Amino acid sequence: GYIYSMKKHLLDYNLKVRLPIIAFTAILAFTITYYASYAERNGIGYSPEQPIKYSHKLHAGDMQIDCKYCHTGVDKSRVAGIPSADVCMNCHTVARADKPEIVKLVKYYNEGKPIEWNRVHKVPDFAYFNHSVHVNKGIDCVNCHGDVKQMEQVAQVNSFTMGACLTCHRNPEKKISNFEQIKDNVKKGPENCAACHRQQ
């Protein structure tokens with residue numbers, strides 16, 4: 001009787017005290033981790049240091065250089081493309097050549113090395129996305145990338161999840177800031193799985 005009573009007491013204690021504490025701790029840890037890592041999982045707020053400090057605010061904003069000057073593939077290809085040092089040197093063989101960041105640029109150029117820019121915006125590898133389809137419809141870059149013309153250092157400001165894409169495909173009139181100017185070119189985007197999940 002004593003051993004049975006002791007086992008029953010331990011079982012009751014484990015079920016009534018320990019199990020709820022363990023379950024509560026596990027749920028709390030999951031919840032905190034889920035919300036604390038939300039931005040990291042979705043990339044929102046991601047703003048890596050770059051090998052050369054490049055100000056989009058100065059170039060695209062103040063100087064009003066068109067995005068397509070540097071991102072040459074944006075209206076012709078799936079990928080926007082990142083400029084090589086050659087593109088930068090079109091201006092910087094003369095402009096501000098004595099500045100430390102331009103000195104770094106010239107070093108890359110003279111050594112024939114590619115600038116190893118750190119990618120900021122990335123759609124997962126298993127999803128197909130084509131920049132040119134969106135850009136050629138007149139959808140402004142701001143809709144996905146935020147107001148890059150005001151960014152000293154580019155950061156991801158929107159989610160690139162399937163849900164975010166589908167929300168825009170289903171309701172472009174609510175999600176595209178310049179919708180009124182382009183509404184004749186833009187219809188609802190595809191929602192079928194094969195539009196984005198296909199062999200690349």
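FYI, the numbering just counts along the sequence from 1. The shown structure was predicted, so the numbers you read here are calculated from the model rather than taken from an experiment.
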K.L.:
Output yes when a side-chain donor or acceptor of Q50 lies under 3.5 Å from a complementary backbone atom of N118, and no otherwise.
P.N.:
yes

K.L.:
Hey, quick one: are V79 and Y128 part of the same hydrophobic cluster, counting side-chain heavy atoms closer than 4.5 Å, chains of contacts allowed?
P.N.:
no

K.L.:
Is it true that E101 and K99 make a salt bridge, defined as a side-chain N closer than 4.0 Å to a carboxylate O?
P.N.:
no

K.L.:
What's the spacing between F24 CZ and I21 CD1 if we round to 0.5 Å?
P.N.:
10.0 Å

K.L.:
What is the distance from atom CD1 of I115 to atom CG of D86, rounded to the nearest 0.5 Å?
P.N.:
9.0 Å

K.L.:
Holding to side chain to side chain contact (heavy atoms under 4.5 Å, CB included), I want the full list of residues that pass it with L19, two or more places apart in sequence or in another chain.
P.N.:
L15

K.L.:
I'd like to know whether CD of E116 has more than 12 heavy-atom contacts from other residues, nucleotides or ligands below 6.0 angstrom.
P.N.:
no

K.L.:
Side chains of V74 and C67: closer than 4.5 Å at any heavy-atom pair?
P.N.:
no

K.L.:
Hey, could you give me the CZ/CG distance between F179 and N171, rounded to the nearest 0.5 Å?
P.N.:
10.0 Å

K.L.:
In the structure I gave you, are the side-chain heavy atoms of V186 and I139 within less than 4.5 Å of one another anywhere?
P.N.:
yes

K.L.:
A side-chain contact here means heavy atoms from C-beta on lying under 4.5 Å apart; do K137 and I182 qualify?
P.N.:
no

K.L.:
Examine distances only and state if a side-chain atom of H56 and a backbone atom of K149 form a donor-acceptor pair shorter than 3.5 Å.
P.N.:
no

K.L.:
I need the L166 CG to T161 OG1 distance, nearest 0.5 Å.
P.N.:
8.5 Å

K.L.:
Heavy-atom distance under 4.5 Å between the side chains of W117 and P51, does that happen here?
P.N.:
yes

K.L.:
When the ring centroid of F129 is compared with that of H134, is the distance short of 6.0 Å?
P.N.:
yes

K.L.:
For residues L105 and Y109, determine if any side-chain heavy atom of one lies less than 4.5 Å from a side-chain heavy atom of the other.
P.N.:
no

K.L.:
Centre-to-centre under 6.0 Å for F160 and H121, is that the case here?
P.N.:
yes

K.L.:
Report yes if the side chains of Y54 and Q153 come closer than 4.5 Å at any heavy-atom pair, otherwise no.
P.N.:
no

K.L.:
Got a sec: does the CE of M151 have more than 12 other heavy atoms crowding it under 6.0 Å?
P.N.:
yes

K.L.:
Please answer whether the main-chain N or O of N110 pairs with a side-chain N or O of K113 as donor and acceptor at a distance below 3.5 Å.
P.N.:
no

K.L.:
Quick one: do V103 and Y108 end up in the same hydrophobic cluster if we chain Ile, Leu, Val, Met, Phe, Trp and Tyr together by side-chain heavy atoms under 4.5 Å apart?
P.N.:
no

K.L.:
Hey, are the side chains of V120 and P48 touching, using non-hydrogen atoms and a 4.5 Å cut-off?
P.N.:
yes

K.L.:
Give a yes or no answer on whether the side chain of N136 reaches the backbone of D75 with a donor-acceptor pair at less than 3.5 Å.
P.N.:
yes

K.L.:
Does M63 belong to the same Ile/Leu/Val/Met/Phe/Trp/Tyr cluster as V87, with side-chain heavy atoms less than 4.5 Å apart forming each link?
P.N.:
yes

K.L.:
List the atom of S159, the atom of A164, and the distance in Å for their closest heavy-atom pair.
P.N.:
O-CB, 3.3 Å

K.L.:
Does the K76 side chain pair with the main chain of T72, one donor and one acceptor, at a distance under 3.5 Å?
P.N.:
yes

K.L.:
Quick check: closest heavy atoms across N90 and T93, and the distance to 0.1 Å?
P.N.:
O-OG1, 4.3 Å

K.L.:
Step by step, work out the side-chain contact (heavy atoms from CB on, under 4.5 Å) result for M89 and V106.
P.N.:
CA-CA 8 Å; M89 291 302 288; V106 171; 3.9 Å; yes

K.L.:
Passes side-chain contact (heavy atoms from CB on, under 4.5 Å), D62 versus K57? Steps please.
P.N.:
CA-CA 6 Å; D62 300 344; K57 184 178 187 309; 3.9 Å; yes

K.L.:
For the residue pair K188 and P172, establish whether any side-chain heavy-atom pair is separated by less than 4.5 Å.
P.N.:
yes

K.L.:
Quick check: does any side chain N or O of D147 sit under 3.5 Å from a backbone N or O of V142, one acting as donor and the other as acceptor?
P.N.:
no

K.L.:
Does atom NZ of K104 have more than 12 heavy-atom neighbours from other groups under 6.0 Å away?
P.N.:
yes

K.L.:
Is it true that a side-chain atom of H59 and a backbone atom of S55 form a donor plus acceptor pair closer than 3.5 Å?
P.N.:
yes

K.L.:
Does I82 belong to the same Ile/Leu/Val/Met/Phe/Trp/Tyr cluster as I102, with side-chain heavy atoms less than 4.5 Å apart forming each link?
P.N.:
yes

K.L.:
Is it true that a side-chain atom of H71 and a backbone atom of G81 form a donor plus acceptor pair closer than 3.5 Å?
P.N.:
yes

K.L.:
Which distance, rounded to the nearest 0.5 Å, do you find between the NZ of K187 and the CG of D184?
P.N.:
7.0 Å

K.L.:
Quick one: pull up CE in M162 and OG1 in T167 and give me the separation to the nearest 0.5 Å.
P.N.:
10.0 Å

K.L.:
Do I176 and K183 pass the side-chain contact (heavy atoms from CB on, under 4.5 Å) test, and can you show the C-alpha distance, the side-chain angles, and the key distance before you say yes or no?
P.N.:
CA-CA 10 Å; I176 299 173; K183 64 183 175 186; over 6 Å; no

K.L.:
So, for H197 and F126, which heavy atoms are closest and what is the spacing to 0.1 Å?
P.N.:
ND1-O, 3.3 Å

K.L.:
Main chain of S47, side chain of Q156: is a donor-acceptor contact present, judged purely on distance under 3.5 Å?
P.N.:
no

K.L.:
Could you verify whether a donor N or O on one side chain and an acceptor N or O on the other, from N143 and N158, lie under 3.5 Å apart?
P.N.:
no

K.L.:
Quick one: do R170 and E191 make a salt bridge, cutoff under 4.0 Å?
P.N.:
yes

